[in-house]
Structures are given as C-alpha cells and as structure tokens.
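Reviewing the structure listed below.
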Amino acid sequence: MSSAEDSAMSIAIVFHSGYGHTAKQAAALQEGAGATATLVEIDPQGELSEAQWQVLDEAKAIVFGSPTYMGMVSWQFKKFADASSKRWFNLAWKDKLAAGFTNSASMNGDKSVTIHYLITLAMQHGMIWVGTGMMPANQKGSVRDDINYLGGFPVC
Ligand SMILES: Cc1cc2nc3c(=O)[nH]c(=O)nc-3n(C[C@H](O)[C@H](O)[C@H](O)COP(=O)(O)O)c2cc1C
C-alpha cells in the first residue's frame, strides 16, 4: 500500500486520561478501528510533541477523547484544544472527519456538555462531525448494558 493510501484512511485518536479510564476507551476504539488508528495521548501537562501534532495534521479523521471533569473536558484537553488554534488560523484541519468520546463516574455525569464542547471544537476547525447513527435502547425490555442505553446520538 502506498503512503498516500495509508494516510487516506488514517485515524488519529487524541485524548487525555488522568486515571486510565479514557485511555481504556481510546484503546478499545483503536482496536475497533484497526491498524490505521494511532493513539495520540496528551501528557499530564496538556502537551503534545511535534511528532504527535504531525500525526493529527496528516490524519483523515481525528477522534477527540477526554474524561468529564466538573462537567467539562479536563484542563489538559482544553490546553490542547487552545493550542490547536494554530491549526485553526489557516483551517489546516478543515474537512477532516471528527468524532469524540468521554466518560464519567455517574451515568449522566453531565457528559453531554463535554461532548458538545468537542463538537464545537470540531466545528470551529471546519471538520465534519460523525455521530453514532444508533437508535437508543429505550424499550421496556432494555437493560443497562444495551448499546446506547442512555439514548445519545453524538455519542452514546
Ligand atoms: C477532577 C475530577 C472531576 C470529575 N468530575 C466529574 C463530573 O462532573 N461528573 C461525573 O460523573 N464524574 C466526574 N469525575 C469522575 C471521572 O469522570 C471518571 O472517574 C472518569 O472515568 C475519569 O477518567 P480518567 O481515568 O480517564 O481520568 C471527575 C473526576 C475528577 C478527577
């Protein structure tokens, strides 16, 4: 496969995880996406290396991941988002596909605020947000472990 074809399919999963839960989500996503997905972990200081920024710049799709801390992304993720304004100035990420994920201790946990921040970030970059397209598991017989039990569409 040529490197052009490689980059045409490439997915970068950029995330911060303070205590490992979001890292587990990121790893599961990478496993599901296959060999073309690269994990890009934001460090405890909210920094990425130049090589990590390059992975994002070259990816066809960027998936954003952050834990929900106090009803929002972690400060480390926000620092990364603010630093991405350098790409925003010339719309370097325009038309890339975007998606996002979060997790929280409570089932609700105000995760939707975090997800809507990730959507706003993607929209500011001119990216194309991809939701789940999955119907909610809200039938009488639905149980907590059903996919999309919480009935979210941007993410479940
Ligand atoms: C500073 C802080 C703030 C948190 N705020 C929330 C919150 O608003 N809602 C919630 O349900 N859980 C909250 N939690 C729990 C985390 O969302 C949960 O433990 C998550 O799995 C942590 O992900 P991580 O291991 O990737 O850091 C908070 C945890 C921390 C450390």
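Numbering of ligands and ligand atoms starts at 1, following listing order. The analysis underlying the following values was restricted to heavy atoms, covering all of them including side chains, and did not include hydrogens, waters or symmetry mates. As the structure is a computational prediction, the values presented were derived from the model and not from experiment.
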Could you identify the single nearest non-hydrogen protein atom to [atom] and state the distance to 0.1 Å?
atom	answer
atom 25 (O) of ligand 1	His21 ND1, 2.7 Å
atom 11 (O) of ligand 1	Ser106 N, 3.0 Å
atom 18 (C) of ligand 1	Ala105 N, 3.8 Å
atom 20 (C) of ligand 1	Asn103 OD1, 3.1 Å
atom 9 (N) of ligand 1	Gly109 O, 3.1 Å
atom 5 (N) of ligand 1	Met70 N, 2.7 Å
atom 8 (O) of ligand 1	Gly71 N, 3.0 Å
atom 23 (O) of ligand 1	Pro67 CB, 3.3 Å

Verify, without hydrogens or angle tests, whether [X] (side chain) and [Y] (backbone) share a donor-acceptor contact under 3.5 angstrom.
X	Y	value
Ser66	Val73	no
Asn148	Met134	yes
Ser74	Phe77	yes

Heavy-atom proximity to [atom], best of [options]:
atom	options	answer
atom 28 (C) of ligand 1	Asp110, Thr22, Thr68, Asn108	Thr68
atom 10 (C) of ligand 1	Ser104, Gly65, Gly20, Ser66	Ser104
atom 1 (C) of ligand 1	Phe15, Tyr19, Tyr69	Tyr69

Side chains of Leu121 and His125 in contact at under 4.5 Å (non-hydrogen atoms):
yes
Check whether any side-chain heavy atom of Glu47 lies under 4.5 Å from a side-chain heavy atom of Lys79, and answer yes or no.
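Yes, side chains in contact.
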Among Thr102, Asn108, Thr22, Asp110, side-chain hydrogen bond (donor to acceptor under 3.5 Å, both in side chains) partner for Thr68
Thr102
Can you classify the ring geometry of Phe64 versus Trp93 as parallel (below 30°), tilted (30 to 60°) or perpendicular (above 60°)?
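Plane angle between 30° and 60°, so tilted.
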Atom indices of ligand 1 within 4.0 angstrom of Gly18 heavy atoms, with elements
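Those of ligand 1 that fall under 4.0 Å from Gly18 are 24 (P), 26 (O), 27 (O).
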Quick one: pull up OG in Ser112 and CG in Leu150 and give me the separation to the nearest 0.5 Å.
10.5 Å
